[in-house]
Number of protein chains: 2
Amino acid sequence: MNNSKSVSIETIRRLPKYYDVIDMAVKQGVKNISTSVIAEHLNLEPILVRKDLEQTGAKGRPRVGFVAAELMDRIAGSLGWGSLNNIVLVGCGSLGSALLGYKGFSRAGFDIVAGFDVDKGKIGRTIHGKKILPVSKFKDLCLRMHIEVGIISTPAEHAQSVADLMAESGIKGVWNFTSAALKTSKDVIVHQEDMAASLVILIKKMNSMKKEGKGQE
Amino acid sequence: MNNSKSVSIETIRRLPKYYDVIDMAVKQGVKNISTSVIAEHLNLEPILVRKDLEQTGAKGRPRVGFVAAELMDRIAGSLGWGSLNNIVLVGCGSLGSALLGYKGFSRAGFDIVAGFDVDKGKIGRTIHGKKILPVSKFKDLCLRMHIEVGIISTPAEHAQSVADLMAESGIKGVWNFTSAALKTSKDVIVHQEDMAASLVILIKKMNSMKKEGKGQE
DNA sequence: TAGATTGTTAATCGATTAACAATC
DNA sequence: TAGATTGTTAATCGATTAACAATC
């Protein structure tokens, strides 16, 4: 219940990977797991994994490792996966639709309560079990449900007006999938998603591995 | 043509944001832009922006700032946006379809040459202008076109077998959108996409802002 | 000229890695 | 017991921030 021990952002990026590795091991009957085994799976240094796990408050036993089930709980707790977060999404095109159906959110306790769109052909329909509502109902629903996180997956040219609407609807965190550079007041956090940047990073890692000559030929 | 000056990963994450801000300014008639203006738009420290731009090799003028058009070229160059990269995608469900149509890739020089699926209902169709091919043709196409980057957007339970197929098809970089923890040989880089982790980071930033009392009340 | 903004060098900070004692 | 693995303390590394001289 007390998440006071703050976990660093890089650690947050790695913890879910540990979770997946442990989960896989547990499904194969493993009861205890050591940092070196987790590190091996992910090509990381064992000491880095140990440091990350330390941040979750998990305790292991020398010679034995960590109790896998307990460790998963600790990771989930540190990531805030316990508490339920309601979020909303505006723009139910192909990307928005995919996000409405994204499986990974539920594990982490995120629930997209509804999708919003201006297209009358979509309004009233259901996508991946999520109701599509008209944007005109956005503010009311957000205020009523005290929703603080919103996803923008509209065409880029509408992103700013959606961001403005979100701000006046009490949203404090905006996850922007468009390439528009949003102007918002300082008390609203904008998280800019850039898939192309992710790809650039992947390619950079590939290139640096080639240079290091780690590859086979 | 010479990308030898290596740009750090955190800088790669920020450069596209600078690009978008500059692009927006240019469209409003701006010719020169200073680091403080860019920083202001993104709530960053000017010195951080200056350091990042330094890595691109761009030169500015005291009192004047940077020539906007030139700066955009430098950023694009540093991100490797000049060169064309062909990539492939396996799993044309809702997320895969969205990625096939993702606008942001083309700016960065990425082109998904085809989508692959096992569903006969999808094979032969075209999604967002991309042809859907049977997985049986995957290896042949990748080898023929010397493709090195592949996206996995299948159900999680098929991710490992797709990863194996990619490895034997010459793919060196895998972008995994499923939650499966992939086992690959060490000369294949796996970039694990975790949208839920991104959301956790956003929420963490929101909370830390609340604590700092930067918000309005 | 005066002053804003760059470019550069140094200081700080935090994350990663290393070393090693504790312990099961 | 012997040895593997944790927990902890210290060293290193790189990224961010600060300070300030150079310059347009």
Side-chain angles (χ1 to χ4, degrees), chain A residues 4-15 17-18 21-22 25 30-72 74-75 78 197 201 204-205 208 211-212, chain B residues 4-15 17-18 21-22 25 30-72 74-75 78 197 201 204-205 208 211-212:
Chain A
S4 57
K5 269 173 243 158
S6 181
V7 179
S8 82
I9 285 180
E10 287 308 310
T11 299
I12 290 176
R13 288 210 170 92
R14 286 186 297 261
L15 286 178
K17 302 183 188 184
Y18 302 164
V21 168
I22 303 163
V30 168
K31 293 272 178 272
N32 295 292
I33 196 162
S34 73
T35 53
S36 47
V37 169
I38 298 172
E40 170 68 21
H41 271 265
L42 296 164
N43 288 333
L44 297 173
E45 296 298 322
I47 179 65
L48 182 59
V49 178
R50 230 183 315 157
K51 279 291 177 189
D52 285 336
L53 295 185
E54 188 187 317
Q55 290 188 57
T56 69
K59 299 285 177 195
R61 283 193 197 175
R63 191 72 222 271
V64 180
F66 293 77
V67 176
E70 200 180 301
L71 188 48
M72 289 172 78
R74 284 287 185 170
I75 292 174
S78 296
I201 291 168
K204 181 191 156 64
K205 284 182 185 165
S208 65
K211 275 178 203 154
E212 285 170 30
Chain B
S4 59
K5 268 174 243 157
S6 181
V7 178
S8 81
I9 286 181
E10 287 308 310
T11 300
I12 289 176
R13 288 210 169 91
R14 287 185 297 261
L15 286 179
K17 302 184 188 182
Y18 302 164
V21 168
I22 303 164
V30 168
K31 293 273 178 270
N32 296 290
I33 196 162
S34 73
T35 54
S36 48
V37 169
I38 298 172
E40 170 69 21
H41 272 265
L42 296 163
N43 288 332
L44 297 172
E45 297 298 322
I47 179 64
L48 182 60
V49 178
R50 230 181 317 153
K51 281 289 177 189
D52 285 336
L53 295 186
E54 189 188 315
Q55 290 188 58
T56 70
K59 300 284 176 193
R61 284 192 197 177
R63 192 69 222 271
V64 179
F66 293 77
V67 177
E70 201 180 299
L71 188 49
M72 289 172 78
R74 285 287 187 173
I75 292 174
S78 296
I201 291 169
K204 182 191 155 65
K205 284 182 185 165
S208 65
K211 276 177 202 154
E212 284 169 30

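The sequence lines fix the lettering, A, B, ..., with proteins before strands; numbering per chain opens at 1. Keep in mind it's a predicted model, so treat the numbers as computed, not measured.
- As judged by a 4.0 angstrom heavy-atom cut-off over every strand, B:K59 is placed among residues touching the sugar-phosphate backbone only.
- Atom C1' of nucleotide C:dT17 and atom CG of A:D52 are separated by 13 Å, given to the nearest angstrom.
- Here C:dG14 presents its P atom at 13 Å from CD1 of A:I9, a figure rounded to the nearest Å.
- Of the listed nucleotides (D:dA15, C:dA4, C:dT23), C:dT23 has the atom at the smallest distance from the side chain of A:P62.
- In this entry D:dA18 has C:dT9 as its Watson-Crick or G-U wobble partner, both defining distances falling under 3.5 Å.
- Across all strands shown, A:L48 has heavy atoms under 4.0 Å from sugar-phosphate atoms exclusively, and none from any base.
- As a whole-Å value, the separation of B:I33 CD1 from C:dA4 P is 19 Å.
- Annotation: side chain of A:I47 is in contact with side chain of A:R50 (closest heavy-atom distance under 4.5 Å).
- Of all nucleotides listed (C:dT16, D:dG7, D:dT8), D:dT8 comes nearest to the side chain of A:E54.
- Within the 4.0 angstrom heavy-atom criterion, no nucleotide atom of any strand lies near B:S36.
- Taking a pair to require two hydrogen-bonding distances under 3.5 Å in either a Watson-Crick or a G-U wobble arrangement, C:dG3 pairs with D:dC24.
- The side chain of B:R50 contributes no N or O atom lying less than 4.0 Å from OP1 or OP2 of D:dC20.
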Query raised in the report: Going through the distances and angles, do A:V21 and A:K17 end up as a side chain to side chain contact (heavy atoms under 4.5 Å, CB included)?
Result: CA-CA 6 Å; A:V21 168; A:K17 302 183 188 184; 5.7 Å; no
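- Using a 4.0 Å heavy-atom distance criterion, A:T35 is classed as a sugar-phosphate-only contact.
- Rounded to whole angstrom, the span from the CG atom of A:N32 across to the P atom of D:dT6 amounts to 10 Å.
- Following rounding to the nearest Å, B:F66 (CZ) and D:dC24 (C1') show an atom-to-atom distance of 14 Å.
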Requested in this report: Decide side chain to side chain contact (heavy atoms under 4.5 Å, CB included) for A:V7 and B:K204; before the verdict, give the C-alpha distance in whole Å, the side-chain angles of both, and the deciding distance to 0.1 Å.
Outcome: CA-CA 9 Å; A:V7 179; B:K204 182 191 155 65; 5.6 Å; no
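- When heavy atoms are screened at a 4.0 angstrom cut-off, B:R63 is found touching base atoms of the nucleic acid.
- Residue B:K51 places a side-chain atom within donor-acceptor reach of the base of C:dT9, judged by atom type and a 3.5 Å distance cut-off alone.
- Contact annotation for B:T11: no contact, since no heavy-atom pair falls under 4.0 Å across all strands.
- For the pair B:L53 CG and C:dT5 P, the interatomic distance rounds to 15 Å; values are reported in whole Å.
- B:K51 contributes atom NZ, which lies 12.0 Å from atom OG1 of B:T35 (distance to the nearest 0.5 angstrom).
- Rounded to whole Å, the distance from CD on A:Q55 to C1' on D:dT6 is 16 Å.
- Minimum interatomic distance between A:R14 and A:D52 (heavy atoms only, all atoms of both residues): NE-OD2, 2.7 Å.
- The structure places CG of B:L44 at 5.5 Å from OH of B:Y18, a figure rounded to the nearest 0.5 Å.
- A residue-by-residue look at A:V64 and A:E45 shows that A:E45 has its nearest nucleotide of DNA chain C further toward the 5' end.
- As rounded to whole Å, 9 Å separates atom P of C:dA15 from atom CD of A:E10.
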